[in-house]
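Since the structure comes first, as structure tokens, the remarks are kept for the end.
On a predicted model such as this, the values are computed, not experimentally measured, just so you know. Values reported hereafter were calculated over all heavy atoms of this structure, with side chains retained and with hydrogens, waters and symmetry mates removed.
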Amino acid sequence: MGLSIVFMLILMAAAFVLPYLLRGNLRESANDISKYGQWSLPDKYSRLLVFPEQVPSSAENVQYFYKFENGWTRPMCQIFLSCTLSEEEYETEKNRLAGLSFESEAGVLTVREDGESFSHPAYTAIEGYDFCYEYALLDEPWRHIVYVYTMNTIKQDIKFDKSYLPDYYMEGFEELSYSGLDRFTIYGGYAP
């Protein structure tokens, strides 16, 4: 009887502690644009090429959100940037996005254009590869660009407007995780 009570107490303690252990020891979040680019995401997962190196000082309607948890099993991350640019800056950024490429062991891969899976035309660098997504959405008439990166984040945990997600977001999550199937990444797989 005493042994079963001790065992039950250990199980209850594990149920409370385990979720915190799975999250890992590094948790960061920011929505202050002055912290833009200060991300802890390891290069192994993405080079975040879709995101601009810096947000132009003349950008308007800027919204920014970043969250990272390193996790003991799999890290989780969300990066969201939305801004309206001047006509010249918009054209420059659109050309930069259209010309993105990355050289890996798989060869030189280029960003893909997708006019069907999103609410706006998109340039995609990662399309669900290992539960990661990286893309930019262009709202041409308004010169508005939305940049998104998510990793291992289910739809319910997304902290920005879910209408910016692709219609295939986390589609076949269970199937992909067990079958070893994967989707496109400009990075050719995990970097060394």
Side-chain angles (χ1 to χ4, degrees), residues 15-33 35-53 55 62-83 97 100 102 109 111-112 114 116-139 144-191:
F16 286 111
V17 173
L18 189 59
Y20 295 102
L21 290 177
L22 292 176
R23 286 184 158 170
N25 61 354
L26 179 62
R27 295 184 198 133
E28 300 175 334
S29 64
N31 58 8
D32 180 355
I33 195 63
K35 299 194 184 296
Y36 177 80
Q38 298 175 17
W39 306 316
S40 294
L41 181 69
D43 283 347
K44 171 183 176 181
Y45 299 103
S46 172
R47 299 297 196 275
L48 299 172
L49 294 179
V50 165
F51 286 82
E53 286 186 32
V55 180
V62 177
Q63 294 180 327
Y64 172 65
F65 176 77
Y66 161 70
K67 181 177 181 181
F68 178 79
E69 295 178 0
N70 67 340
W72 285 46
T73 55
R74 295 177 68 90
M76 295 176 286
C77 185
Q78 298 178 54
I79 305 173
F80 174 84
L81 173 65
S82 171
C83 60
L97 289 166
L100 285 177
F102 186 79
L109 298 172
V111 72
R112 291 185 178 177
D114 185 339
E116 298 176 10
S117 304
F118 296 87
S119 59
H120 294 86
Y123 287 105
T124 64
I126 306 175
E127 298 173 352
Y129 181 83
D130 201 22
F131 313 113
C132 296
Y133 301 81
E134 181 182 342
Y135 52 89
L137 304 175
L138 285 75
D139 189 352
H144 189 79
I145 303 180
V146 172
Y147 305 87
V148 173
Y149 176 79
T150 65
M151 174 178 51
N152 299 319
T153 306
I154 58 172
K155 196 178 242 183
Q156 295 88 315
D157 291 342
I158 296 292
K159 300 294 184 197
F160 52 87
D161 187 343
K162 292 170 184 61
S163 71
Y164 293 127
L165 297 173
D167 58 12
Y168 58 82
Y169 189 79
M170 289 297 195
E171 185 178 272
F173 180 82
E174 294 298 322
E175 179 185 316
L176 289 172
S177 63
Y178 293 113
S179 68
L181 298 174
D182 254 322
R183 296 194 168 102
F184 172 76
T185 173
I186 192 175
Y187 308 110
Y190 284 149

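- Note that NE2 of H120 is 9.5 Å distant from CG of L138, once rounded to the nearest 0.5 Å.
- For Y36, the ring-ring contact (aromatic ring centres under 6.0 Å, His included) test picks out W39, Y64, with sequence neighbours left out.
- The shortest distance between side-chain heavy atoms of V62 and L81 falls below 4.5 Å.
- Taken from CG in N70 to CZ in R27, the straight-line distance is 8.5 Å, to the nearest 0.5 Å.
- Residues Y168 and D114 are in side-chain contact: their nearest non-hydrogen atoms beyond the backbone lie under 4.5 Å apart.
- Between the side chain of Y133 and the backbone N or O of M170, at least one donor-acceptor pair lies under 3.5 Å.
- Every residue meeting the ring-ring contact (aromatic ring centres under 6.0 Å, His included) condition with Y135, not counting sequence neighbours, appears here in chain and number order: F118.
- For R47 and F102, the positive end is not near the middle of the six-membered ring at less than 6.0 Å and at most 45° from its axis.
- Side chains of L97 and V111 form no contact here, defined as non-hydrogen atoms less than 4.5 Å apart.
- Smallest separation of non-hydrogen atoms from T124 and F184: O-CE2, 4.0 Å.
- Residues forming a side-chain contact (heavy atoms from CB on, under 4.5 Å) with D157 (at least two apart in sequence, or on another chain): T153, I154.
- Partners of F80 according to the ring-ring contact (aromatic ring centres under 6.0 Å, His included) rule, which considers only residues two or more places apart in sequence or in another chain, are F160, Y164.
- Residues passing the side-chain contact (heavy atoms from CB on, under 4.5 Å) test with S40, sequence neighbours excluded: L26, E28, Y66, F68.
- Across every non-hydrogen atom of L41 and M151, the tightest pair is CD1-CE, 3.1 Å.
- The CZ atom of R112 sits 10.0 Å away from the CD1 atom of I186 when rounded to the nearest 0.5 Å.
- Contacts of Y123 classified as ring-ring contact (aromatic ring centres under 6.0 Å, His included), with partners at least two apart in sequence or in another chain: none.
- Rounded to the nearest 0.5 Å, atoms OH (Y149) and SG (C132) are 3.5 Å apart.
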